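Report on the following structure.
This is a predicted model, so every value here is computed, not measured.
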Protein chains: 2
Amino acid sequence: MSETDPSQIKGFNRARERASRALLEDYVEMIADLAAEFGEARITEIAARLGVAHPTATKAVARLKREGLAVSRPYRGVFLTEAGEALAEQVRARHRTVVALLRAVGVPEDLAELDAEGIEHHVSTRTLKAFEAFLASQGGKTG
Amino acid sequence: MSETDPSQIKGFNRARERASRALLEDYVEMIADLAAEFGEARITEIAARLGVAHPTATKAVARLKREGLAVSRPYRGVFLTEAGEALAEQVRARHRTVVALLRAVGVPEDLAELDAEGIEHHVSTRTLKAFEAFLASQGGKTG
DNA sequence: CGCGAAATGTAGCCTTGGCTACAAATTTCG
DNA sequence: CGAAATTTGTAGCCAAGGCTACATTTCGCG
C-alpha cells in the first residue's frame with residue numbers, strides 16, 4: 001500500500017487489492033506450512049485448513065501458479081516456487097513480528113495469534129520495521 | 001451466518017465477513033466525519049473521500065439503511081441512526097486507540113494513521129482492551 | 001487386476017463491491 | 001423564471017472468490 005494521495009485512490013485499490021493480497025498471502029503461508037509438515041500441500045488439505053471448499057482452493061492455487069508463486073501437476077501436490085518460498089518466509093516473518101509485538105504490549109498469546117492473522121496483512125514495511133525496533137529495544141524484558 | 005465459533009480455528013468464513021464488516025465500518029466512520037464537518041453527509045462527498053464512484057457509495061448507503069445504521073431521503077443527505085452513531089463512535093474510538101498504540105511503539109504519526117485504517121478492522125475487543133491497558137501503563141511518557 | 005473410495009478438476013451459478021452510462025432531480029445563477 | 005451545472009438515482013456489466021454438482025483421475029485394498 002503506497003497510495004498516500006487520497007485523490008489517486010481508485011476504488012479498485014481499496015477493498016479489492018486489500019483482500020486480494022491478503023488471500024494470496026494466506027494461501028502461500030498455508031502451503032508452506034503443509035509443505036513443512038507433510039512434504040507437500042494437497043488441495044484437499046489446503047481447502048480444509050483454510051475453511052473453504054476444494055474448488056475454491058483450486059482456483060486460488062491456479063492464481064498462485066499464474067503469478068509464479070507455485071507449481072503443481074494435475075492430481076498432485078502443490079509446491080511453492082522460489083518466489084513463493086520467499087513470499088512465504090516474508091509473510092511468516094511478518095506474522096511472527098506482529099505476534100511478538102502484540103504480546104509485548106500485553107495481548108495474550110492465543111489471542112495474539114488470532115488477531116495477527118487479520119492484522120498482519122495491513123502492516124506496511126515501515127511499520128514492521130518500527131515493530132522490530134520496538135521489540136529490540138524491549139529486549140525480551142516482557143514476561 | 002453464525003460461524004462465530006472460535007473453536008473452528010482459522011477456518012472462519014474468512015474473506016467474506018472480513019471485507020464486508022470493514023467496508024461497513026469505513027462508510028459509517030466516513031458519514032460520521034462528514035456529519036461532524038458539514039452537518040450532513042452527501043453521497044458525492046462520501047464517494048469522493050472513500051475514493052469510489054458515486055453509485056458504489058449509493059449501494060453501500062443502501063446497505064447501511066437496510067441494516068438500520070443510516071437513513072436518507074432521495075436527493076438528500078445521509079444521516080446515521082442511533083445505532084449508526086453508536087457504531088461510528090465505537091469505530092472511531094478503536095481507531096484512536098490503534099493509532100495511539102502504533103505511535104507508542106514508535107510508528108511515525110502519518111504512517112500510524114494510514115496503517116491503522118487497515119489494521120483497526122481486525123483488532124478484537126479483547127486485544128483493544130490490552131492496547132488500552134498498555135497505553136495507560138505508559139501514561140504519556142512519550143514525547 | 002479391478003473396483004470403490006477419495007482426491008482433484010471443471011462447469012456453472014451466486015454475491016459483493018466496483019465501474020460506466022445514462023436518466024432524473026436539485027441547485028445555482030443569469 | 002428557466003437553463004446549465006451539479007448531484008443523485010438506476011440500469012447493467014465486470015471480476016473475484018465462494019459454493020454445489022458432476023466428471024475424472026488416483027489410490028487403497030480385496
Side-chain angles (χ1 to χ4, degrees), chain A residues 3 6-28 30-31 34 38-67 69-79 118 121, chain B residues 1-3 8 10-31 34 38-67 69-79 118 121:
Chain A
E3 319 80 14
S7 66
Q8 290 281 351
I9 313 179
K10 290 298 268 178
F12 186 76
N13 294 339
R14 284 178 55 64
R16 191 85 95 209
E17 259 283 329
R18 174 192 294 179
S20 194
R21 165 72 84 171
L23 259 291
L24 192 131
E25 291 177 351
D26 279 350
Y27 276 93
V28 166
M30 181 56 69
I31 291 171
L34 291 171
F38 300 115
E40 68 174 352
R42 307 298 308 222
I43 286 287
T44 298
E45 192 65 22
I46 295 171
R49 296 228 188 168
L50 288 178
V52 299
H54 75 87
T56 301
T58 301
K59 268 194 193 178
V61 168
R63 183 176 156 212
L64 295 185
K65 291 170 73 171
R66 241 186 291 126
E67 306 205 5
L69 296 171
V71 292
S72 74
R73 301 199 328 278
Y75 298 97
R76 296 297 182 217
V78 180
F79 301 89
H121 302 293
Chain B
M1 319 318 176
S2 334
E3 322 292 355
Q8 291 254 346
K10 57 193 309 174
F12 0 84
N13 240 353
R14 315 174 48 250
R16 194 54 58 90
E17 267 276 334
R18 174 192 291 180
S20 195
R21 188 158 52 95
L23 258 293
L24 194 131
E25 290 176 351
D26 279 350
Y27 275 93
V28 167
E29 193 173 7
M30 181 57 69
I31 292 171
L34 292 171
F38 301 115
E40 66 175 353
R42 308 299 307 222
I43 284 286
T44 298
E45 192 64 23
I46 296 171
R49 297 226 187 169
L50 288 178
V52 299
H54 75 86
T56 301
T58 301
K59 269 193 192 176
V61 168
R63 182 176 156 212
L64 294 185
K65 291 169 73 172
R66 242 185 292 125
E67 306 206 4
L69 296 170
V71 292
S72 76
R73 300 199 329 279
Y75 297 95
R76 295 298 183 223
V78 181
F79 301 88
H121 302 293

Residues B:R63, B:S20; criterion side chain to side chain contact (heavy atoms under 4.5 Å, CB included); working and verdict: CA-CA 11 Å; B:R63 182 176 156 212; B:S20 195; 2.9 Å; yes
Give the rounded distance in Å between these two atoms: [atom1] of [X] and [atom2] of [N].
| X | N | atom1 | atom2 | value |
| --- | --- | --- | --- | --- |
| A:L34 | C:dA7 | CG | P | 14 Å |
| A:R76 | C:dG9 | CZ | P | 11 Å |
| B:R63 | C:dT15 | CZ | P | 14 Å |
| B:R73 | D:dT8 | CZ | C1' | 14 Å |
| B:R21 | C:dG17 | CZ | P | 14 Å |
| A:I43 | D:dT24 | CD1 | C1' | 15 Å |
| B:L23 | D:dG17 | CG | P | 15 Å |
| B:E40 | D:dT8 | CD | P | 8 Å |

What's the shortest heavy-atom distance between A:D26 and A:H121, and which atoms? OD1-NE2, 2.9 Å
Of the listed nucleotides (D:dG17, D:dT7, C:dT20), which one gets closest to any side-chain atom of B:T44? D:dT7
Taking C:dT20, D:dG9, C:dT8 as options, the one with an atom nearest any side-chain atom of B:T58 is D:dG9
Pair B:L24-B:L69, side chain to side chain contact (heavy atoms under 4.5 Å, CB included): steps then yes or no: CA-CA 10 Å; B:L24 194 131; B:L69 296 170; 3.5 Å; yes
Which sits closer to the 5' end of DNA chain D, A:T56 or B:H54, going by the nucleotide each is nearest to?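 Whichever sits nearer the 5' end wins; that is B:H54.
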By nearest heavy atom, map A:P55 and A:Y75 onto DNA chain D; which one lands nearer the 5' end? A:P55
Closest nucleotide of DNA chain C for B:K59 versus for B:R42: which of these residues is on the 5' side? B:K59
Test item: A:V52 and A:Y27 side chains (from C-beta on) under 4.5 Å apart, heavy atoms: yes
